[in-house]
Every structure is written in C-alpha cells, then in structure tokens.
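Note: hydrogens, waters and symmetry copies are ignored here, and every other heavy atom, side chains too, is used.
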There are 2 protein chains.
Amino acid sequence: MPAAQQPKTSAKGLETRERIVDVAVRFIARNGARGTSLADIAAEAGVSQTGLLYHFRSKEALLNAVLDRHLAFSEEWLWGDGPDPGIKIVDIVARHMASWPSQHDDKVYSLLGMNTVVLGENVSPDTDLHPRLVEGYRTTIDRVTATLRSAQQRGEIRDDIDPRLKAMEIIAYCYGLEAAWLVDPTIPVADAAAQWAAQQTTQMASS
Amino acid sequence: MPAAQQPKTSAKGLETRERIVDVAVRFIARNGARGTSLADIAAEAGVSQTGLLYHFRSKEALLNAVLDRHLAFSEEWLWGDGPDPGIKIVDIVARHMASWPSQHDDKVYSLLGMNTVVLGENVSPDTDLHPRLVEGYRTTIDRVTATLRSAQQRGEIRDDIDPRLKAMEIIAYCYGLEAAWLVDPTIPVADAAAQWAAQQTTQMASS
DNA sequence: CCAAAACTACCGACTACTCAGTCAGTTGTC
DNA sequence: GACAACTGACTGAGTAGTCGGTAGTTTTGG
C-alpha cells in the first residue's frame, strides 16, 4: 500500500515533492524520523514547513513516501543485475558490500542508513512503519529463498541445506555488517565480505 | 567512561536509582531514547519527573547509566559461561539465540532491543552514545577474535581463516538475526541458529 | 479570443502540545 | 539540625499541524 497522495499535481509540484523526499531520505537515514523535524527537511529542500505540509498532509505521509522511495531503490540496487543468479547470489552480495566504502555520502549510504536507523525506530509493533518493514523483510526472504531453492534443484547447492534458513542467514549477515559499518566505517567490510563469500560458496556447493 | 553520579547516596536512594534504570532500559529497548520521555520513565518508576532528575542530572546522564547497565548485563550473559570456549563459541551463540523466543518480555528482550534500537539511534557520529557504542563493538570483536585465534593455535580451526574477519562475521550475523527477530518474532530463530552453527562448525574445523 | 472562475502551489502567523530542565520549597531520616 | 530524597509549579525551546491568504497558471463559457 503506497502512500496516498493529493489527486492532482502539476509538473512543478511533482518536482518539489521529489526534492522534499530526496532531502528527507538523507536526513532520516542519518538521524532517524524522530530525530528529524519537518522544519529541518523543509529548510534544506527550500520550501517553508507549510509548503512541505501542502505536499504531504502529515509527517507520517512523508515517512511513507520516504519508505516507498527506499524500497524502490533497494529493489533496483539488489535485483537490477539480471535474472536468477543462483549460488552466485553470495558473490553479488559480497560485491555490493565491497562497494560501500567508496559510496559514503551517496545514495547507497542512505539506503543502508534507512535499513538500520528506520528499522531501529520501528521495532515496536505499534509504530507507523512497522507493518511495512515486516512485509519488506518477508518479501526479501522469499526472494532469496526462491533463488536458493531453484539453485538447489539445479544441483548447484547441497541438498541438506534448508533454503529458507540459509536465506535468513544471508540477510541477517548483510544487515549486521551494514549496521557495524555504519557505526564504525573503519572496519574492513570488503575483506570480511570476501572471506564470507568464499567460505559460503565452498560450503554450500554440492560435492 | 561510566556515567558520573551524585557523590553521596543512601540505600533508599540507590534503590530508587536502580528502579529508574530498570524502567528506562525496558522503555528505551522498545521505543528508543528519543521515543521515551523522562515523564514516561518517572511515572512508571513511581517518582515525579523532578525526582528522576534529582538522581540523574540530565537525560543524557540517565542514558549513560542505562548503557552501563546494558553493557554489564551483556557481558554477563555472553561471557559468564566460563573461560575460553574455543570453537564451541558458535554453539554457545546458537544456544543463546534459541533461547530468545522463550524470553520475550524479559531482561533478555531488553538486551536485544538495546542493541538494535539504541544502535540505530546512535549511528551518526555526533550522537551522545556513539563513541561508547563503537568502543563496545570493538571490545566484543577483540574478544571473539582472541577466542578464535587461540582455538586456531590449538589446531581446532583451519589456518586459512582470518580470526578477526570471522569474528566480524559472527557478530554481524548475531546482530542481524536479532534485529530480524525483534521486528518479526515469528521467524524460526532456533532453527536458523542451529543450521548456522552446524555449518560453521564443520566449515571451520581443521580437516 | 478573452475574461472570469477555479485550482495548484505556495507563505507567514499562529496554536496546542510535549519535552528537558530549573527553582523554591517540604518531608523524612541519621 | 543537617542532609538526602523528594515534589509542584514553572519556563523556554521545540514540534506537528491549522488557518487565512496570495501569486500564478489552467480551465471554462460567452
């Protein structure tokens, strides 16, 4: 369920709205939604707070638009590489991780920040974004599971591995390394990812 | 640097202070420090907000006391089992994970929540708790690294594994599964942990 | 073809409320 | 009676959101 928006919009309005969401993503990825005021976002986006609230009827509506953007970018970044990588999914993941340090301050940084910071803020089931985060998590699990399962059926992956549990493991690892790198950007993510990918590949491969 | 406290304290005062920290940990583990007001904590702890501020001169001081408590409990829970488990550290970790579901609403839940929620809130380097979180992360890494390295020297673990990178991997996995379980308590953490531990053990063991 | 009406995209001023923190006391205990 | 352990009333700085208005653009009807 994407965020409800005003019915009619001109090209100019759409542009402003995009600009606001851009700014909001950057702010929220660093300081969280609770740590970011509408005034902050409005000032950076070059509109008044009232102007912002014309485009998004409430902070929650803006938050949902921000999450829409995040999920779309996430999707594109992770799965835009082509169809069904099979067991090579661990290499793809590792390659993505290795690219983090060079993308500090970029869209990718915001992507990771959104995961860690917004998830932390919405752990409690009665928070605004919690249902959508759970849904997003489950969708990702399902996708990775499907990839692993078909690789298993093709004989690329050992039979005694449960694809769903393995998917959970891969995602947990990504998420954890992400969080660690965000709080301490000096850690060698590329090296860690490389060792992890190599070991995962040999361990999962059918003998 | 632990939180500075008032110089003199009676038994009663100490008891109240403990009660306040107890309540604060529970609240903050669910809603974060930014999502928890001093009034909330004070009410639940059975003192006025002014009374709370008598014991902790500011919210930040309380937060540091909360983090003290968290780190101490974390320490006890993770390393209280005895000296140097060697390669069995993965089993210990997995056993801990398997116990999560039965401890919902308990101190352990708060422990996990503190990790995920407070970390998310303090990703940005200019937040109050960020330096202490980085320090805590590095300490844990060092400890796990030391355990793995000595196991490697004893010949329990293959030589081509880098203990530090492996430690990062283990911690990242724990952290990620923790976060996933917090947002979605229906996921089978025990099964995931069991498969993970089994595979880690066979993969790490010297042949 | 053009003026009036309607609508989009804003803005400044304001409101109601929440929050951390202060101050000037009061109570209870060694 | 000194000091620790409080409390109620208050303050000032935010905060999300409302209201009434205006400039510019688009639509409509004669």
Taking only residues two or more places apart in sequence or in another chain, which ones pass side-chain hydrogen bond (donor to acceptor under 3.5 Å, both in side chains) with R69(A)?
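Expected list: E18(A), D22(A).
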E44(A) with R19(A): basic N within carboxylate O range, under 4.0 Å
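The answer is no: the pair does not qualify as a salt bridge.
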Is any side-chain N of the basic residue among R30(B) and D126(A) closer than 4.0 Å to the acidic one's carboxylate O?
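No, this pair does not count.
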Whole angstrom value for the distance that separates [atom2] of [N] from [atom1] of [X]:
{"X": "F56(B)", "N": "dC6(D)", "atom1": "CZ", "atom2": "C1'", "value": "14 Å"}
{"X": "L62(A)", "N": "dG17(D)", "atom1": "CG", "atom2": "C1'", "value": "14 Å"}
{"X": "E15(A)", "N": "dT8(C)", "atom1": "CD", "atom2": "C1'", "value": "15 Å"}
{"X": "K12(B)", "N": "dC3(D)", "atom1": "NZ", "atom2": "P", "value": "18 Å"}
{"X": "R34(B)", "N": "dT15(D)", "atom1": "CZ", "atom2": "C1'", "value": "14 Å"}

Looking at [N], I'd like to know if its phosphate oxygens (OP1 or OP2) sit under 4.0 Å from a side-chain N or O belonging to [X].
{"X": "T16(B)", "N": "dC6(D)", "value": "yes"}
{"X": "Y54(A)", "N": "dA9(C)", "value": "yes"}
{"X": "H55(A)", "N": "dA9(C)", "value": "no"}

Going by heavy atoms in the side chains, are V21(A) and D68(A) under 4.5 Å from each other?
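No, side chains not in contact.
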Nucleotides 13-23 of chain C: protein proximity per nucleotide (B base, S sugar-phosphate only, - neither; heavy atom, under 4.0 Å)
B-----SBBBB
With Q199(B), the side chain to side chain donor-acceptor pair (under 3.5 Å) member among Q200(A), K166(A), Q199(A)
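Only match with Q199(B) under side chain to side chain donor-acceptor pair (under 3.5 Å): K166(A).
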Could I get the full list of salt bridge (charged side-chain N to carboxylate O under 4.0 Å, His left out) partners for R95(A), not counting sequence neighbours?
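Once residues adjacent in sequence are excluded, R95(A) has no partner under the salt bridge (charged side-chain N to carboxylate O under 4.0 Å, His left out) criterion.
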Checking all strands, does G51(B) fall into the base, sugar-phosphate, or nothing category for heavy-atom contacts under 4.0 angstrom?
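Result for G51(B) = base.
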